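Since the structure is predicted, the reported quantities are computational estimates derived from the model, not experimental observations.
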Protein chains: 2
Amino acid sequence: MSKLKPADISPELHSDNVLTEFTLQALLGYQIKRAYNHVQNDLSETLAAFDLRVLTFTALVMIKENAGTSQSKLANALQIERPNLVAIIDELENRELIVRERVVHDRRAYSLVVTKTGSQLCVSALNAVKAHEKNMFSCLTAADKKALTKMMLRIRQNNEL
Amino acid sequence: MSKLKPADISPELHSDNVLTEFTLQALLGYQIKRAYNHVQNDLSETLAAFDLRVLTFTALVMIKENAGTSQSKLANALQIERPNLVAIIDELENRELIVRERVVHDRRAYSLVVTKTGSQLCVSALNAVKAHEKNMFSCLTAADKKALTKMMLRIRQNNEL
DNA sequence: TATTGTTATACTCTATAACTATA
DNA sequence: TATAGTTATAGAGTATAACAATA
């Protein structure tokens, strides 16, 4: 079978309803992307029940775990630019999930701390996220998950300068 | 050691330069995300050398592999909404990498076909992407990659309705 | 000078409603 | 009425320049 060249195609519609994607499916990055999209979408739905987006949830968890951190350090940890963190922190503060307190010995910075409400929401959301993960990865054995974690870590280390 | 409650934290900056993230690191989805970000960023850089974004590249590959397909079918395959595909197709057509031809027996639809230039660029870009993958996943053995592919496929199948 | 938080801005990606021309 | 492609628009997420307050 010879391959079809552009000139051989008459202007008619491709008949198949599902397109072939042999080329893309052979790419590991493409497979990771497709699977990760499902995980990401399900995570977003899970967090929507708590009125949280992935980024606000991640910020909340990080602030709880690093009480007293600054917006600069947090932006650095979340790998986002400082200006983009402002709205996220504003939202968490408006919902009284965290507080911004001026630091005594460095009045440029804020000390970020979760409130009791924020801490409780964090626990609830985290439990939901764990349930989401249990469900999403129920097709993997414990050994699979361990191997997968190691591979993801290796990919990161292989490509961090 | 008892856990610190919000009230116990004086408004001082967290002293560590690197924040802890035990909670997030325990989540498999988070590990996949972190690793995938590296892959995605490197892929974007790779394709930028050909003036292609990930989506325009993916569209080009799919059109080459499914000559004569329509924009609706392509949008469906790429999992994006039809309106968002228009600009992508416009760009590929303006660069003369593909052509839009009116279909004879259904004048609503276009038949999408790569040009010779488009086909050649596709081959070059694909070679670069393969090199990118070889580099990104050089830390994984052939068996690792095979297992990873199977796991990603299982996650997708586990979560498709 | 340098840093922290901020504003303004812009660009990409994504999602929906509504239009047009065809079927 | 249904479908293919399109337009307009809006919401996220992300990136940079520049500013005020502070170091």
Side-chain angles (χ1 to χ4, degrees), chain A residues 11-15 17 19 33 36-38 40-41 43-45 47-48 51-59 63 68-94 98-112, chain B residues 11-15 17 19 33 36-38 40-41 43-45 47-48 51-59 63 68-94 98-112:
Chain A
E12 299 192 359
L13 278 185
H14 185 86
S15 53
N17 273 322
L19 305 193
K33 185 198 187 94
Y36 181 66
N37 280 348
H38 285 278
Q40 180 78 357
N41 289 341
L43 177 63
S44 293
E45 281 177 36
L47 291 172
D51 248 306
L52 291 170
R53 283 168 296 130
V54 176
L55 232 97
T56 50
F57 167 71
T58 312
I63 294 169
T69 194
S70 67
Q71 292 184 199
S72 285
K73 285 176 184 169
L74 183 57
N76 196 51
L78 296 179
Q79 296 189 109
I80 62 176
E81 296 303 314
R82 269 72 75 214
N84 297 328
L85 184 60
V86 176
I88 294 167
I89 297 298
D90 282 348
E91 189 192 323
L92 290 174
E93 193 181 37
N94 289 337
I98 67 164
V99 289
R100 268 194 263 230
E101 294 185 47
R102 275 290 178 199
V103 176
V104 186
H105 60 279
D106 185 348
R107 292 178 44 75
R108 292 172 303 180
Y110 284 117
S111 164
L112 305 175
Chain B
E12 299 194 358
L13 276 186
H14 185 86
S15 53
N17 273 322
L19 304 194
K33 185 197 185 96
Y36 181 65
N37 280 348
H38 284 279
Q40 180 78 357
N41 289 341
L43 177 62
S44 293
E45 280 177 37
L47 291 171
D51 248 305
L52 291 170
R53 283 167 296 129
V54 176
L55 247 141
T56 50
F57 167 72
T58 312
I63 294 169
T69 194
S70 68
Q71 290 183 201
S72 286
K73 285 175 184 169
L74 183 57
N76 196 51
L78 296 179
Q79 297 189 109
I80 61 175
E81 297 303 314
R82 271 70 76 215
N84 297 327
L85 184 60
V86 176
I88 295 166
I89 297 298
D90 281 348
E91 189 192 324
L92 290 174
E93 193 181 37
N94 289 336
I98 66 164
V99 289
R100 266 194 265 231
E101 292 186 48
R102 276 288 177 201
V103 176
V104 186
H105 61 279
D106 185 348
R107 292 177 43 74
R108 293 173 302 181
Y110 285 117
S111 164
L112 305 176

Restricting both atoms to N or O, compile the protein contacts to nucleotides 6-10 of chain C shorter than 3.5 Å, with distance only.
residue	atom	partner	partner atom	Å
C/dT6	OP1	A/R100	NH1	3.1
C/dT6	OP2	A/Q71	OE1	3.2
C/dT6	OP2	A/Q71	NE2	2.8
C/dT6	OP2	A/R100	NH1	3.1

Write out a two-atom table: protein N or O, nucleotide N or O from nucleotides 21-23 of chain C, distance below 3.5 Å.
residue	atom	partner	partner atom	Å
C/dA23	OP1	B/R107	N	2.8

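When all heavy atoms are compared, the tightest approach of B/L19 to A/K73 is CD1-O, 4.0 Å. Shortest non-hydrogen contact noted between B/S111 and B/V103 is N-CG2, 3.8 Å. When all heavy atoms of B/Q71 and B/L85 are compared, the closest pair comes out as O-CD2, 3.1 Å. Closest non-hydrogen pair, B/V104 versus B/R107, comes out as O-CG, 3.9 Å.
Rounded to whole Å, atom P of C/dT12 lies 12 Å from atom CG of B/D51. Taking atom CG of A/L85 as the reference point, atom P of D/dT16 lies 16 Å away to the nearest angstrom. Spacing between atom CD of B/E45 and atom P of D/dA15 amounts to 12 Å, rounded to whole angstrom units. Atom CD of A/E93 and atom P of C/dG5 are 12 Å apart (whole Å). The distance between atom CG of B/L112 and atom C1' of D/dT6, rounded to the nearest whole Å, is 14 Å. Straight-line distance from the CD atom of B/Q40 to the P atom of C/dT12: 15 Å, rounded to whole Å. Look at CD1 on A/I88: it is 14 Å from C1' on D/dA15, rounded to the nearest Å. One can place CG of A/L43 at 15 Å from C1' of D/dG13, the figure rounded to the nearest angstrom.
For the pair B/T58 (side chain) and B/V54 (backbone), a donor-acceptor distance under 3.5 Å is present. In this structure, A/N41 contributes its side chain and A/N37 its backbone to a donor-acceptor pair below 3.5 Å.
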Under the side-chain contact (heavy atoms from CB on, under 4.5 Å) criterion, do A/L55 and A/N84 qualify, and how do the steps go? CA-CA 11 Å; A/L55 232 97; A/N84 297 328; over 6 Å; no

Verdict with supporting geometry, B/I88 and B/L78, side-chain contact (heavy atoms from CB on, under 4.5 Å): CA-CA 12 Å; B/I88 295 166; B/L78 296 179; 5.7 Å; no

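If you run side chain to side chain donor-acceptor pair (under 3.5 Å) between B/Y110 and each of B/E93, B/R102, B/R100, only B/R102 comes through.
Here B/L55 lies in heavy-atom contact (under 4.0 Å) with sugar-phosphate atoms only. Contact annotation for A/I80: backbone-only contact, meaning every heavy-atom pair under 4.0 Å involves sugar-phosphate atoms and none involves a base.
Applying the 4.0 Å criterion to OP1 and OP2 of D/dG5, one finds that B/S72 has a side-chain N or O inside that range.
Residue order along DNA chain D, read from the 5' end via each residue's closest nucleotide, puts A/V54 first among A/E81 and A/V54.
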